[in-house]
Amino acid sequence: MKRKFNYYMITAAVIFFAIAADIFIVYQLENYETRFLELYGAEQDGYVKIILEQINRLEDQGTEDDITAIISTLDSTASRYWTLSKDESILFVKSVTETNRYKGFADGAYYATKTASEFMNSLKVNQVGHQIIHLDNDRFIASGMIFQWQKEQYRICLLTYDRVILEDNVLLECKNSIIIILSISLAFLVILSMIMSRTIGKQGRQIRSQEERIVWQNQQIQRLDEKIKREYSFSASKHVFKGNILNEFLNTLDEKNVFPLHFAVFEADKKEVRDEFLERMQAVLDNRVLRFCMDDLRVVLIFVKYERKVSERMIESLENWNVRALADLYCEDNLNNYQTCFEQFWKEVSDR
């Protein structure tokens with residue numbers, strides 16, 4: 001009877017320790033995720049500043065439609081999107097379709113939760129700030145500010161769904177490591193609690209099998225992470241290619257039957273302006289836009305798998321006082337060889 005009592009006491013102590021460890025780890029994971037979102041928000045603030053610089057370039061010649069056009073050309077998904085409001089009235093949310101749903105509504109109707117309302121009320125003029133908010137039971141990291149344009153005040157915000165950040169492969173690897181450690185600890189505690197059981201041998205074999213599987217899974221995750229890192233290092237949004245390899249890209253796109261393609265030629269006033277233009281493209285364009293530096297002044301952009309209206313709107317938004325669009329060519333299909341089409345198009349541009 002005494003042995004039985006001691007066994008239950010040890011089991012109860014082990015279970016109590018496991019519960020306390022679980023609560024502590026969950027609490028630490030919450031703090032870890034919150035801190036990581038705060039760090040991401042600081043980086044996201046810089047993106048808002050870049051977009052504001054584009055809006056300021058409109059000066060007095062632009063309209064509110066021009067501002068919404070700039071925002072609508074940016075990448076907007078259910079997990080990351082922009083909002084724009086003036087005098088507490090919503091001007092833009094996520095996309096044109098989503099905006100029409102909120103036309104005539106105050107921005108307070110969209111930012112209806114307590115955290116979202118506090119964030120909107122805390123925005124300052126020409127000073128970007130960020131905060132973790134909740135909308136419809138979802139958590140977002142929001143960056144925003146108030147800016148003045150044509151003597152009116154506007155509020156612009158960028159919202160990113162927290163799972164887009166927290167489910168990044170590198171971060172997931174860290175979280176999985178923590179979960180694996182927790183799993184091993186719980187398995188060890190189970191062994192301690194069942195050490196007086198006749199099935200200790202069977203449980204030991206199961207744990208060894210789990211450890212081998214964990215090692216294999218970690219190896220697969222590491223290989224996948226390295227592969228993704230290599231692919232990201234060659235991302236089109238991070239590189240400017242020389243014009244002499246453009247034909248290689250066109251042949252590859254032709255062989256893979258990729259269409260449509262939209263070619264656009266831009267010319268800068270001088271080489272320094274061209275370099276600034278290419279740097280700005282890193283923040284504005286995504287991986288489906290290939291950039292080629294043809295000479296000291298001219299740049300060719302190839303929009304891959306874009307609808308014509310979308311790519312034309314983007315081309316117009318990329319122009320400014322020092323960089324102008326010379327010409328563009330839209331190829332709806334690749335019935336004709338891409339290289340032949342571009343060579344004829346480039347000859348016409350050069351002859352101007």
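When reading the values below, keep in mind they use all heavy atoms of this one structure, side chains included, and skip hydrogens, waters and symmetry mates.
When all heavy atoms are compared, the tightest approach of Ala327 to Val349 is CB-CG2, 3.9 Å. Scanning all heavy atoms of the two residues, the minimum distance from Leu158 to Tyr81 falls at CD1-O, 3.4 Å. The minimum heavy-atom distance linking Arg291 with Val240 is given by the pair NH1-CG2, 3.6 Å. Residues His134 and Ala116 come closest through the heavy atom pair O-CB, 4.3 Å.
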For this session: Check the pair Asn322 / Glu276 against side chain to side chain contact (heavy atoms under 4.5 Å, CB included), numbers first and verdict last.
Result: CA-CA 10 Å; Asn322 298 318; Glu276 292 177 359; over 6 Å; no

Problem set entry | Met314 and Leu285: CA distance, side-chain angles, deciding distance, side chain to side chain contact (heavy atoms under 4.5 Å, CB included) verdict | CA-CA 9 Å; Met314 294 178 67; Leu285 302 179; 3.6 Å; yes

For this session: Apply the test side chain to side chain contact (heavy atoms under 4.5 Å, CB included) to residues Val48 and Trp82: give CA-CA distance (whole Å), side-chain angles for both, the deciding distance (0.1 Å), then the verdict.
Result: CA-CA 10 Å; Val48 177; Trp82 295 82; 4.2 Å; yes

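By the side chain to side chain contact (heavy atoms under 4.5 Å, CB included) test, Glu319 pairs with Phe266, Arg324, Ala325, sequence neighbours left out. In terms of the ring-ring contact (aromatic ring centres under 6.0 Å, His included) criterion, Phe259 has no residue partners (sequence neighbours excluded). Partners of Lys114 under the side chain to side chain contact (heavy atoms under 4.5 Å, CB included) rule, at least two apart in sequence or in another chain, are Glu118. Residues forming a side chain to side chain contact (heavy atoms under 4.5 Å, CB included) with Asn56 (at least two apart in sequence, or on another chain): Leu52. Scanning for side-chain hydrogen bond (donor to acceptor under 3.5 Å, both in side chains) contacts around Asn126 gives an empty result, with sequence neighbours left out. Not counting sequence neighbours, the partners of Phe292 by the ring-ring contact (aromatic ring centres under 6.0 Å, His included) test are Phe241, Phe249. Listed by chain and residue number, nothing satisfies the salt bridge (charged side-chain N to carboxylate O under 4.0 Å, His left out) test with Lys49 (two or more places apart in sequence, or in another chain). With sequence neighbours excluded, the residues forming a side chain to side chain contact (heavy atoms under 4.5 Å, CB included) with Ala268 are Val273, Arg274, Val323, listed by chain and number. By the ring-ring contact (aromatic ring centres under 6.0 Å, His included) test, His130 pairs with no residue at all, sequence neighbours left out.
Under 3.5 Å, the side chains of Ser85 and Tyr110 contain no donor-acceptor pair of N or O atoms.
To the nearest 0.5 Å, atom SG of residue Cys293 and atom CG of residue Asp275 are 7.5 Å apart. With rounding to the nearest 0.5 angstrom, the CG atom of Leu250 is 7.5 Å from the CG atom of Leu261. Distance CG/Leu123 to CD/Gln131: 9.0 Å, rounded to 0.5 Å. To the nearest 0.5 Å, atom CZ of residue Phe92 and atom NZ of residue Lys94 are 10.5 Å apart. One finds the CD1 atom of Ile132 at 10.0 Å from the OG1 atom of Thr115 (value rounded to the nearest 0.5 Å). Going from atom CZ of Arg280 over to atom CG of Leu318 covers 6.0 Å, rounded to the nearest 0.5 Å.
Cluster annotation: Ile146 is connected to Ile90 through the hydrophobic network of ILVMFWY side chains, with a link wherever side-chain heavy atoms come within less than 4.5 Å. Under a hydrophobic-cluster definition in which Ile, Leu, Val, Met, Phe, Trp and Tyr are linked whenever side-chain heavy atoms come within less than 4.5 Å, directly or via other members, Leu253 and Ile245 are assigned to the same cluster. At a threshold of 4.5 Å between side-chain heavy atoms, the hydrophobic network of Ile, Leu, Val, Met, Phe, Trp and Tyr places Leu246 and Leu297 in two separate groups. Note on Leu84: it does not cluster hydrophobically with Ile50, by side-chain heavy-atom contacts below 4.5 Å among ILVMFWY residues. Cluster annotation: Leu301 and Val310 are assigned to the same hydrophobic cluster (Ile/Leu/Val/Met/Phe/Trp/Tyr, side-chain heavy-atom contacts under 4.5 Å, transitive).
No side-chain donor-acceptor contact under 3.5 Å links Arg155 to the backbone of Gly144. Judged purely by atom type and a 3.5 angstrom limit, Ser117 has no side-chain atom pairing as donor or acceptor with the backbone of Thr113. Without hydrogens or angle criteria, Glu152 side chain to Lys86 main chain gives no donor-acceptor distance under 3.5 Å. Counting only distance, with no hydrogens or angles, the side chain of Arg288 and the backbone of Lys305 share a donor-acceptor pair below 3.5 Å. With Tyr330 contributing its side chain and Glu312 its backbone, the two residues share no donor-acceptor pair below 3.5 Å.
The shortest distance between side-chain heavy atoms of Ile156 and Ile55 falls below 4.5 Å. Within the 4.5 Å cutoff, the side chain of Gln54 has heavy atoms near those of the Val284 side chain. Residues Met281 and Val289 fail the side-chain proximity criterion, which asks for heavy atoms closer than 4.5 Å. When side chains are defined from C-beta on, Trp346 counts as touching Arg298, because their heavy atoms get closer than 4.5 Å.
The ring-ring contact (aromatic ring centres under 6.0 Å, His included) test with Phe140 singles out one residue from Tyr111, Tyr161, Phe119, and that residue is Tyr161.
Each salt bridge (charged side-chain N to carboxylate O under 4.0 Å, His left out) pair with one or both residues in residues 246-263, not counting sequence neighbours, would appear here, but there are none. For residues 128-141, the pairs satisfying salt bridge (charged side-chain N to carboxylate O under 4.0 Å, His left out) are Glu33-Arg139, Arg139-Asp162, with sequence neighbours left out. Listed by first and then second residue, the salt bridge (charged side-chain N to carboxylate O under 4.0 Å, His left out) pairs involving residues 329-349 are Lys347-Asp351 (not counting sequence neighbours).
Note: Phe263 and Phe342 meet the aromatic proximity criterion, with ring centroids under 6.0 Å apart.
For Gln217, the CD atom is densely surrounded, since the number of other residues' heavy atoms within 6.0 Å is greater than 12.
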